[in-house]
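Here's the structure, in structure tokens; my notes come after.
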Amino acid sequence: MPEQRAGDRPTLEAVAARAGVSRATASRVVNGGDGVRAHLVARVREAVRDLGYVPNPAARTLVTRRTGAVAVIIAEPEVRIFSDPFFSRQVRGIAKELTAHDTQLVLLLVEDRGDYDRIERYLAGGHVDGALAFSLHTDDPLPAITRRIGLPTVYGGRPGWTAGPGEPGSAVAYVDADNRGGAREAVRYLLARGRERIAHIAGPLDQTSAADRLSGYRDELPSADPALVAEGDFTVEGGARAMAELLDRRPGIDAVFAANDLMATGALRVLRERGRTVPADVAVVGFDDAEAVAGSADPPLTTVRQDIEGMGRMMARLLLDALAGTGTGTATGPAGAGGDARAAAAPVITATSLVRRASA
């Protein structure tokens, strides 16, 4: 066995010598290659543990053609990402799943449209094996970028863009909540509580989650006064502005369904300022069940719960399955030079449920 001095970093040659195999065999085992008999794999892994050997990332990439990293792209400015608990919970779910599979998370933020050139250069540079992207708007260039590069990608949220020629929308892998069904449940609950003039604070309608929640509201109230709908922006201030607008238009409102919890808390603030008691005068229901927001609101917020962290984990799982070729659906990915393939990862829609608290 080659002499290894105390303090030296263990080498692959030392691992091979300890295991009694060739350097090439040791390399295939520690870098994730195949074609090695099981008893030799066991001996190499034992030697790795005994010596404390850490594989060289560059060597691993050469053997597996994988970087062991995934890009997480959030198509929102930094101020929104760090003020809305939705994003931290989704990233937490993604990170847990990637960590469990020894995969690194690379976070890419979109402050403005100019950032997409930087993101495209990074993705095209081969630094990651795939991408997870969420909070996209209908005119977002990211889907076209990942298709052009041929990068396997899973999206958070139902796609709202139009696929290009030969790229059917059904081939896009995504994870989403039952936004429309959850909105219907919220409105049905308010109707059952005897509310008759139910307003809706919508999210930005260039995002499918907001559009689907508005559709759910309209499903239950097909003849509702259009003036009972105001568009917000998924922020506290946006909810406050929309609530003030609704009260100015229709002072007799007796309930509000807001498309997320942050906008619902903005609505609560304006209702207090206008002298309206919640829920006696106006009942309020949100969407998300972000505990830090809904549970600490005054009064605590009745809301539609979606499993945000679970959706993040599912996004990561679908992408990892696609990369491993073990999934069951479709995701855009590379199939040799210049080609596109449909690899594993089917769209997933997760259930929602109503959480009853004091606001409605």
Side-chain angles (χ1 to χ4, degrees), residues 1-73 94-108 119-132 146 149-154 173 313 315-328 331-345:
M1 178 184 299
E3 182 180 354
Q4 184 174 317
R5 296 172 298 178
D8 283 355
R9 180 176 177 176
T11 64
L12 186 60
E13 287 77 6
V15 170
R18 173 70 67 94
V21 300
S22 68
R23 186 187 186 284
T25 296
S27 175
R28 284 199 298 275
V29 174
V30 301
N31 291 312
D34 52 20
V36 181
R37 286 174 290 179
H39 74 282
L40 296 180
V41 171
R43 280 162 47 184
V44 172
R45 288 177 176 170
E46 182 179 2
V48 166
R49 288 193 299 271
D50 290 347
L51 295 174
Y53 175 76
V54 178
N56 183 313
R60 183 187 293 271
T61 298
L62 286 173
V63 172
T64 65
R65 298 189 179 183
R66 294 273 296 276
T67 66
V70 165
V72 175
I73 307 166
I94 290 169
K96 284 181 178 178
E97 192 67 23
L98 294 181
T99 298
H101 291 82
D102 195 24
T103 301
Q104 301 304 310
L105 183 158
V106 179
L107 184 61
L108 303 177
I119 289 173
E120 180 169 9
R121 289 194 303 271
Y122 184 82
L123 297 178
H127 302 292
V128 294
D129 300 319
L132 300 167
T146 59
I149 295 170
L151 186 70
T153 303
V154 175
R313 293 198 76 141
M315 287 173 62
R317 194 172 306 143
L318 292 183
L319 180 61
L320 292 170
D321 285 351
L323 293 172
T326 59
T328 58
T332 302
D340 284 340
R342 302 304 174 187

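- Here CZ of Arg313 is found 11.0 Å from CG of Leu320. Values are rounded to the nearest 0.5 Å.
- In terms of modelled atom types and a separation under 3.5 Å, the side chain of Arg43 and the main chain of Gly20 share a donor-acceptor contact.
- Nearest heavy atom pair, residue Tyr53 against residue Thr11, reads CE1-C, 3.6 Å.
- Atoms CG and CG, from Leu98 and Leu105 in turn, are 5.5 Å apart once rounded to the nearest 0.5 Å.
- Between Val21 and Val36, the closest side-chain pair of non-hydrogen atoms is not below 4.5 Å.
- For the pair Ala16 and Ala26, the tightest heavy-atom approach, listed with the atom from each and the gap, is CB-CB, 3.9 Å.
- In this structure, Arg18 CZ and Leu51 CG are separated by 4.5 Å, a value rounded to the nearest 0.5 Å.
- Taking CG of Leu318 as the start and CG of Leu323 as the end, the distance is 11.0 Å to the nearest 0.5 Å.
- Across all their heavy atoms, Leu132 and Met315 have their closest contact at CD2-O, 3.4 Å.
- Panel note: side chain Asp129, backbone Val70; no donor-acceptor pair is recorded below 3.5 Å.
- Here CZ of Arg45 is found 14.5 Å from CG of Asp50. Values are rounded to the nearest 0.5 Å.
- Between the side chain of Arg23 and the main chain of Glu13, no donor-acceptor pair closer than 3.5 Å is present.
- Counting heavy atoms from C-beta outward, Leu319 and Pro152 have side chains that approach closer than 4.5 Å.
- Minimum heavy-atom separation, Leu108 to Ala71: CD1-CB, 4.0 Å.
- Here the shortest heavy-atom pairing between Ala69 and Val106 reads CB-CG2, 4.2 Å.
- Here the CZ-NE2 distance, from Arg121 to His127, works out to 10.5 Å after rounding to the nearest 0.5 Å.
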